[in-house]
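Computation of the quantities below employed the complete heavy-atom set of this structure, encompassing side-chain atoms and omitting hydrogens, waters and symmetry-equivalent molecules. Chain letters run A, B, ... following the sequence lines, proteins first and then strands; every chain starts at 1.
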Number of protein chains: 2
Amino acid sequence: MRYDKPDEVGSSRPLHGKIFEKLESSILSGKYKYGDTLNEIKLAEEMGVSRTPVREALRQLELEGLVAYIPNKGVVVRGLSKEDIKDIYEIRLVIEGMTARRAAENITDEELAELKEYIELEEFYTARDDAKQLSRLDTCFHETIYKACGSRLLAKTLKAFHNYVKSVRDISLSSPERARETYLEHKAIYEAIRDRDRELAEILMEQHIRNATAFMEKQSLAADKVE
Amino acid sequence: MRYDKPDEVGSSRPLHGKIFEKLESSILSGKYKYGDTLNEIKLAEEMGVSRTPVREALRQLELEGLVAYIPNKGVVVRGLSKEDIKDIYEIRLVIEGMTARRAAENITDEELAELKEYIELEEFYTARDDAKQLSRLDTCFHETIYKACGSRLLAKTLKAFHNYVKSVRDISLSSPERARETYLEHKAIYEAIRDRDRELAEILMEQHIRNATAFMEKQSLAADKVE
DNA sequence: TTTTTTACTATTGTATACAATTATACAAAA
DNA sequence: TTTTGTATAATTGTATACAATAGTAAAAAA
């Protein structure tokens, strides 16, 4: 299946890519917190590689703003604050609708078929309350629309943002209530895009982001109360 | 000293940063075009350094999407297409107004004083038709607003986009007509932010981007005719 | 005791050596 | 002539050695 990346055994893909993904997800998941210092040598030893690919990965994380190099001193984790997360939803609200509109214009039949499959699988896993699968499908669904919008930069930007909020998304989708809503919203967006209804696709996507934001903030407030 | 380049005494800033900026501007300015291949060894020799810092810079450019590594083969330039540039203006139109509105809420007195100085200098250099200074001030003006908006991610995203369109901006600002309009638009935006008028700041900024886009496309069409 | 100096350690910054892989050229066979 | 195989060269991928710098602690001077 397409969304199920086969991990390519024996792939000669450079190490730094894997290291980058690992470190990035460790930061985004909160394993490495704001202010933590990372040690190139330690990281290299832990992963059984040399400093070189670790540094390449760290330099990319530096460009992303997730870590900061302090010359001759060390690497410090910056990560994303709660304000950053809120900002991401605010930005997504404004540009993700645009992306859906453009996708409705430019999407190919293949991409449309992809979307359809994701929707069907979402229905299946929603019935099963399989939050992990739903998280993956959510990523697939949105990224397909990003691609279909025909703008490389929009796709790149939104893919990064979408990835940044993965943690809170996972929490949301672990709620059967929100998972079901998400499925219905995705389905409506898909149908609008399928019918080439640009206006509707845009409006529905904006509403989708708005709903996701509202649910996220509700949960965030609840979590704050627990603390 | 070990390295050929004595360069600015006291600047212990890592080399890869300078290399990154140099390569990035070479790509954005069109010196390196789409499809060109870059050779790590050649670049290192040209700059009088080893491959290591060159690779770190290239890995960051890779993350930015300006170059692509083909494993064991080479580095190929991707750069930005005309469509990319248009997309950037389309995205900026939607999020830069948001930034101005937020800046009107959050700006500090210091940042406000900065903006004021930029405006005054813009007036000065507009009268002198000094396009180079005006380009610099345009960057300062917008980046100060990005900072003042209080969102790290918004600032980072827009700073990158603003940098990406530097070439076409420079062309626009070399037109005395557009330079004068730009000054007036900037001034109005500054005053709205100074007066903490969020709505007006947002509207004026959106209009500013709209005008810049229109001028850019007019020039682009004219350039196409010449070809 | 307090301050200053010095030596040492730890960490990043850079260069270089070597490994792995790809592309190319050339020769040999069909 | 075309195809196939092999050797060679070129380039990236990774590891390691060494340089430079910042931080720390200890020692010396006040």
Checklist entry - Reckon B:L38 touches a base, only the sugar-phosphate, or nothing at all at heavy-atom distances under 4.0 Å? => result sugar-phosphate
Checklist entry - Just checking, B:R78 and B:Y34: is the charged tip under 6.0 Å from the six-membered ring centre and within 45° of the axis? => result no
Checklist entry - Going by atom types alone, do A:H162 and A:E96 pair a side-chain donor with an acceptor below 3.5 Å? => result no
Checklist outcome for this item: To the nearest angstrom, the CZ-C1' distance between B:R13 and D:dA20 comes to 18 Å
Item to check | Rounded distance (Å) that lies between atom P of D:dT11 and atom CG of B:L58 | outcome: 14 Å
Checklist entry - Which of parallel (below 30°), tilted (30 to 60°) and perpendicular (above 60°) describes A:H142 and A:H186? => result perpendicular
Item to check | Proximity to the side chain of B:P53 - top-ranked nucleotide from D:dA15, C:dT14, D:dT12 | outcome: C:dT14
Checklist entry - Between C:dG13 atom P and A:I70 atom CD1, what is the distance in whole Å? => result 10 Å
Item to check | d(CD, B:E56; P, D:dT14) in whole Å | outcome: 14 Å
Checklist entry - Is it the case that more than 12 heavy atoms not belonging to A:K31 sit under 6.0 Å from its NZ atom? => result no
Next on the checklist: What is the distance, to the nearest angstrom, from the CD atom on A:E45 to the P atom on D:dA15?
Outcome noted: 13 Å
Checklist entry - Considering heavy-atom distances to DNA chain D, does B:I41 or B:T52 have its closest nucleotide positioned more toward the 5' end? => result B:I41
Next on the checklist: Is there a side-chain contact between A:R59 and the phosphate of C:dG13, meaning an N or O under 4.0 Å from OP1 or OP2?
Outcome noted: yes
Checklist entry - Rounded to the nearest Å, what distance is computed from the CD1 atom of residue A:I19 to the P atom of nucleotide D:dA15? => result 8 Å
Checklist entry - So what does A:L15 touch, heavy atoms closer than 4.0 Å: a base, only the sugar-phosphate, or nothing? => result sugar-phosphate
Item to check | Interatomic distance where OH belongs to A:Y69 and P belongs to D:dA22 [whole Å] | outcome: 16 Å
Next on the checklist: Just N and O in the side chain of B:R55: are any of them under 4.0 Å from OP1 or OP2 of D:dG13?
Outcome noted: yes
Item to check | Contact under 4.0 Å: B:N39 side-chain N or O vs D:dT11 OP1/OP2 | outcome: yes
Checklist entry - With no angle test and no hydrogens, is the base of C:dG13 tied to the side chain of A:R51 by a donor-acceptor pair under 3.5 Å? => result yes
Checklist outcome for this item: To the nearest angstrom, the NZ-P distance between A:K73 and C:dT11 comes to 12 Å
Checklist entry - Among D:dT14, C:dT21, D:dA20, which nucleotide sits nearest the side chain of A:N72? => result D:dA20
Item to check | N/O (side chain, B:S50) to phosphate O (OP1/OP2, C:dA15) under 4.0 Å | outcome: yes
Checklist entry - Can you find a side-chain donor-acceptor pair between B:Y118 and B:E114 that sits under 3.5 Å? => result yes
